[in-house]
Amino acid sequence: MYLLLLAVIYLSFISLGLPDSLLGSAWPTIRTEFDVPLSYMGLISMVISGGTIISSLMSERLTKKFKTRNVTVVSVALTAIALWGFSTSTRFYHMCLWGIPYGLGAGAIDAALNNYVALHYKSRHMSWLHCFWGVGTIISPYIMSYALTHTMWANGYRMVSYLQFGIVAVLLFTLPLWKVNKSAALEENNTAILGIKGTLKIKGVPYMLIGFLSYCAAEATTMLWASSYLEGTRGAAKYEAAAFGALFFIGITVGRFLSGFITDKLGDSKMIRIGTGMALFGVVCIVIPVKIISVIGFIIIGLGCAPVYPCIVHSTPKNFGAENSQGIIGIQMASAYVGSTFMPPIFGLIANHISLKLMPVYLAFFLIMLLLMISKSEKKCNLF
């Protein structure tokens, strides 16, 4: 039962990853059909991330009231409905409207499941959990690439929505499995609500939140703009760019699978630094004006990004106290989505008005900021 519950949690994270890579893969085609500027993808991203910020900030109260399992089912159902809505969109503003339920669903499940695994499982399981998020992000671009090649982009969204509805059915059928961990239910009932003010008063938390924001800014920018970068600066065709964009997700997924075998030995802090250094090397590769090297560079960035997110989240109960983790992880997710909300659109403006070629500089800035802020946070926590 214990392992079966873990499998269900992994499946839930596949559902979280499935929609995340669709927009970036399809955008070169969608923007042409809707006749909107390149930077408008950032507006849709802002709407989605705005919803995730709201639901992440509410996650502490939602999880306490409705329990992790119920939040998970409802959240996946919301994203399934939203993806079906994307597939019916005939105007740009339609996609913005459907981004609202998508964002609300994604933020709630992200915070609830991350805290659940951080409290009850070892670091390797957190890495493998996010590896399954990567599985979802790998599947989607190839579905979209197939749809672009044989039909139209809307069918790509429709096919992924059907997968999400299937996952909702599995989650409903397996609801009794969550009773296997009775201590988790007790903890959800007995922990006090920390709130935003209480969270920010804990030593080291503000620096950690800025570092997390910086990481997610780099990850989201890569996720959303890799295909456009390869098309606009390396001459890749639209269908090639959609497929090549998935290579970042392959890198991050393979990296999380592999890091699960070593993260318990090296520890969260070392894994964050090793990963960030590798991501910076990948950024150097995408500067080189050769298509194949740029493509490899995005794989390396994915490999480097792999351990960062799960290790920051998994270290939260240890660094700041298990009794504070749900509140802090909810704020972490909100901070992450602030980075996802505002930073890719800002790069969109830079790409529109200056050049797509500045993407490596943009990514390097946030990766360096990540290292600085995490170091400051750990010093405040007296880890060094």
Using modelled atom types and a 3.5 Å cut-off, is there a donor and acceptor pairing between side-chain atoms of [X] and backbone atoms of [Y]?
X: Ser214; Y: Ile210; value: yes
X: Trp27; Y: Leu224; value: no
X: Arg234; Y: Val295; value: no

Just say parallel, tilted or perpendicular for the rings of [X] and [Y], cut-offs at 30° and 60°.
X: Phe212; Y: Tyr215; answer: parallel
X: Phe257; Y: Trp128; answer: tilted
X: Tyr309; Y: His130; answer: tilted

Heavy-atom pair of closest approach, residues [X] and [Y]:
X: Met46; Y: Phe342; answer: CE-CE2, 3.9 Å
X: Ser377; Y: Gly204; answer: OG-O, 2.8 Å
X: Ser228; Y: Pro28; answer: OG-CG, 4.3 Å
X: Thr79; Y: Ala106; answer: CG2-N, 4.0 Å
X: Ile312; Y: Ser315; answer: O-OG, 2.9 Å

Is the centre of the Tyr146 ring less than 6.0 Å from the centre of the Tyr142 ring?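 No, ring centres 6.0 Å or more apart.
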Is the ring centre of Phe132 less than 6.0 Å from the ring centre of Tyr10?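 Between Phe132 and Tyr10, the centre distance is under 6.0 Å.
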Sole residue of Asp268, Asn319, Asn114 in side-chain contact (heavy atoms from CB on, under 4.5 Å) with His314: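 Exactly one option meets the side-chain contact (heavy atoms from CB on, under 4.5 Å) with His314, and it is Asp268.
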Among Thr221, Leu358, Ile368, Leu280, which one satisfies side-chain contact (heavy atoms from CB on, under 4.5 Å) with Leu363?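 With Leu363 as partner, side-chain contact (heavy atoms from CB on, under 4.5 Å) holds for just one option, Thr221.
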Quick one, Ile252 and Glu219 - any side-chain contact, counting heavy atoms below 4.5 Å?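 Ile252 reaches Glu219 side chain to side chain.
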Less than 4.5 Å apart, any side-chain heavy atom of Val8 and any of Thr72?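 When only atoms from C-beta onward are counted, Thr72 and Val8 do not touch, as no gap falls below 4.5 Å.
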Could you list all the salt bridge (charged side-chain N to carboxylate O under 4.0 Å, His left out) pairs where at least one residue sits in residues 131-153, not counting sequence neighbours?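 Matches after skipping sequence neighbours: none remain.
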Check whether the side chains of Ser123 and Thr263 place a donor and an acceptor atom closer than 3.5 Å, and report yes or no.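 Side-chain D/A pair, Ser123 to Thr263: present.
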